[in-house]
Participant: 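The structure is given below, and queries will be raised subsequently.
Order of the sequence lines fixes the chain letters, A, B, ..., with proteins taken first and strands second; residue numbering starts at 1 for each chain. Keep in mind that the numbers below use all heavy atoms, side chains included, and drop hydrogens, waters and symmetry copies. Note that this is a predicted model, so its numbers are computed, not measured.
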Protein chains: 2
Amino acid sequence: MLIDETDREILELLREDARRTLADIGARVTLSTAAVKRRIDRLQETGVIVGYTVQLDHTKLGWGIEAFTELRFTGTTKVGEIVRTTTRMPEAQAVFTIAGDPDALVWLRVRDMAHLQRTIDEIRTHHQVTGTKTLIALDSWMRGQQWPAQGS
Amino acid sequence: MLIDETDREILELLREDARRTLADIGARVTLSTAAVKRRIDRLQETGVIVGYTVQLDHTKLGWGIEAFTELRFTGTTKVGEIVRTTTRMPEAQAVFTIAGDPDALVWLRVRDMAHLQRTIDEIRTHHQVTGTKTLIALDSWMRGQQWPAQGS
DNA sequence: GTTGAAAGGTTGGGACG
DNA sequence: CGTCCCAACCTTTCAAC
């Protein structure tokens, strides 16, 4: 499928604020609301747009610690298995399987250090993990959200 | 500020689909649309809700490679500086400053391997970086979006 | 294939109880 | 918190490019 410059502008506007109205988007890309709706519908049907979500300040919800845990497995560990079990944990924000060393990277969000330790322990007990290394984030920035995760 | 169980339900519904209507949310939490709006307005004013964004399938936009680059700096490098310059790069999805070793973790999304190399080179030239280690993702999962980043 | 205009239904946003 | 109201918005249809 082809995506033109107008589509990219629409996606950028939705990235900034997914609750923008079609009329607002239309005014910015000089298109009617109907034309904007048809383009967004098409982007959804073709799977370019996967969904819409809210961006939260997790510190205000009491999950103030962000960390990354690098995992190393035994040679017999199925990669799909670690992804399946890890993704069921509410602490896991994202899981990446890695080419090389380590074998996987898990992005965690937890309430406090004790919670982080429990979470890492849980990952270790559920799998044939030969080693972990956890990186604790002091601060974070994410595209499209201009607040510090810890520093507010 | 206090967040009750209904607020959490509303946030969960918005996490699933940020473009839900107030009426739809109201029906699910057994509240009127006006009551839902007042709660969402309050969550926005207090900063719990930071914004709303679209979730994209980046492989379909031609940015099929995800990677993490661990950065180590000289002792004199200002942490804020690396964040400021890195966040200006369109390839950077997120930047985390880390307690310990490494000093920072940059989540990159690029078109191909040549693009990845150029991006890492750019990071290195812009700062007093003493070392980098790049982890290339084979596959990824993120909370709230159930598609494989590479494997589709 | 694309677009805009118009019609009718739905939603949002205030005021009030 | 809910109910009411009205303006704004969405969604479909249709004709035109």
Participant: Should B:L14 and B:I25 be marked as a side-chain contact (heavy atoms from CB on, under 4.5 Å) after you check the CA-CA gap, both sets of side-chain angles, and the distance that decides it?
Facilitator: CA-CA 8 Å; B:L14 285 174; B:I25 295 167; 3.8 Å; yes

Participant: Is the count of non-hydrogen atoms from other residues, nucleotides or ligands lying under 6.0 Å from A:K133 atom NZ greater than 12?
Facilitator: yes

Participant: Check this for me: does any side-chain nitrogen of one of B:E66 and B:R109 sit under 4.0 Å from a carboxylate oxygen of the other?
Facilitator: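 Yes, this pair counts.
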
Participant: Are the charged groups of A:R84 and A:E81 less than 4.0 angstrom apart, N to O?
Facilitator: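 Here A:R84 pairs with A:E81 in a salt bridge, since their nearest N and O are under 4.0 Å apart.
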
Participant: Does any residue of residues 19-46 of chain B have a heavy atom under 4.0 Å from DNA chain C, and if so, which ones, in number order?
Facilitator: B:T21, B:L22, B:A23, B:K37

Participant: Less than 4.0 angstrom from a charged side-chain N to a carboxylate O is my criterion; do A:D4 and A:R8 meet it?
Facilitator: no

Participant: Just how far is it from atom CZ of B:R19 to atom CD of A:Q44, taken to the nearest 0.5 Å?
Facilitator: 8.0 Å

Participant: Please tabulate, one pair per line, each protein N/O and nucleotide N/O from nucleotides 7-9 of chain C that are separated by under 3.5 Å, including the distance.
Facilitator:
none

Participant: Could you tell me if B:T132 and B:R72 have a donor-acceptor pair between their side chains, going purely by distance under 3.5 Å?
Facilitator: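 There is no such pair between these side chains.
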
Participant: Kindly calculate the angle separating the two end axes of the helix from C:dG1-D:dC17 to C:dG17-D:dC1, each obtained from five base pairs, and round it to 10 degrees.
Facilitator: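 Both end axes considered, the difference amounts to 30°.
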
Participant: Report the distance from atom CD1 of B:I136 to atom OG1 of A:T97, rounding to the nearest 0.5 Å.
Facilitator: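 Nearest 0.5 Å value for the CD1-OG1 distance: 12.0 Å.
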
Participant: Can you tell me how far apart CZ (A:R39) and CG (A:L11) are? Round to the nearest 0.5 Å.
Facilitator: 10.5 Å

Participant: How are the rings of B:W107 and B:F68 set to each other: parallel, tilted or perpendicular (split at 30° and 60°)?
Facilitator: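 Ring orientation, 0 to 90° scale: parallel.
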
